[in-house]
Amino acid sequence: MAGLMKLECLVFIYMIAAGPITAKAALSCGEVNSNLKPCTGYLTNGGISSPGPQCCNGVRKLNGMVLTTLDRRQACRCIKNAARAVGPALNADRAAAIPRRCGVKIPYNTQIRITTRCNTVR
């Protein structure tokens, strides 16, 4: 289950790469996972039609937390680990649509892949 709740982070890697760059300590996987945990059902269950308010609140909060390059790179690593743990249970189309469905403006637009090189995220 811990791997499953981390998976939803995969969707937000593009969001993570978009924040302003400052010099602060890196974010922990626990922080990333706890903010995105409410999205798990939406990402893995075809019967749920929307991300829900708790998921969207977590997305907004995480978007406000990833302020440094170190934060974005750490969140990327957390997301990739979660994606590996969940595997094919993730609905990638739903994952990619969460920011739009939650009304979160992300100025970064790319396909999210398990092969993303987190050390190049800025």
What are the two closest heavy atoms between [X] and [Y], and how far apart are they?
| X | Y | result |
| --- | --- | --- |
| Cys55 | Pro38 | N-CB, 3.6 Å |
| Gln74 | Cys29 | NE2-SG, 3.6 Å |
| Val59 | Val104 | CG1-CG2, 3.8 Å |
| Tyr42 | Arg94 | O-NH1, 2.9 Å |
| Thr40 | Thr44 | O-OG1, 2.8 Å |

Checklist line | Flag, side chain of Arg77 to backbone of Cys118, donor-acceptor distance under 3.5 Å | finding: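 Pair absent, no side-chain N/O of Arg77 close to backbone of Cys118.
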
In Å, rounded to the nearest 0.5 Å, how long is the span from [atom1] of [X] to [atom2] of [Y]?
| X | Y | atom1 | atom2 | answer |
| --- | --- | --- | --- | --- |
| Cys78 | Asp71 | SG | CG | 10.5 Å |
| Ser34 | Lys61 | OG | NZ | 6.5 Å |
| Cys56 | Asn63 | SG | CG | 12.0 Å |

Next item on the list: State, without any angle test, whether Asn57 and Arg60 hold a side-chain donor-acceptor pair at a distance under 3.5 Å.
Entry: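 Judged by distance alone, the side chains do pair up.
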
Note to self: Would Leu62 and Leu27 count as a side-chain contact (heavy atoms from CB on, under 4.5 Å) here? Give the steps.
What the structure shows: CA-CA 10 Å; Leu62 180 61; Leu27 197 54; 4.0 Å; yes

Item checked: Ile98 side chain reached by Leu43 side chain, heavy atoms, under 4.5 Å ->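 Leu43 reaches Ile98 side chain to side chain.
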
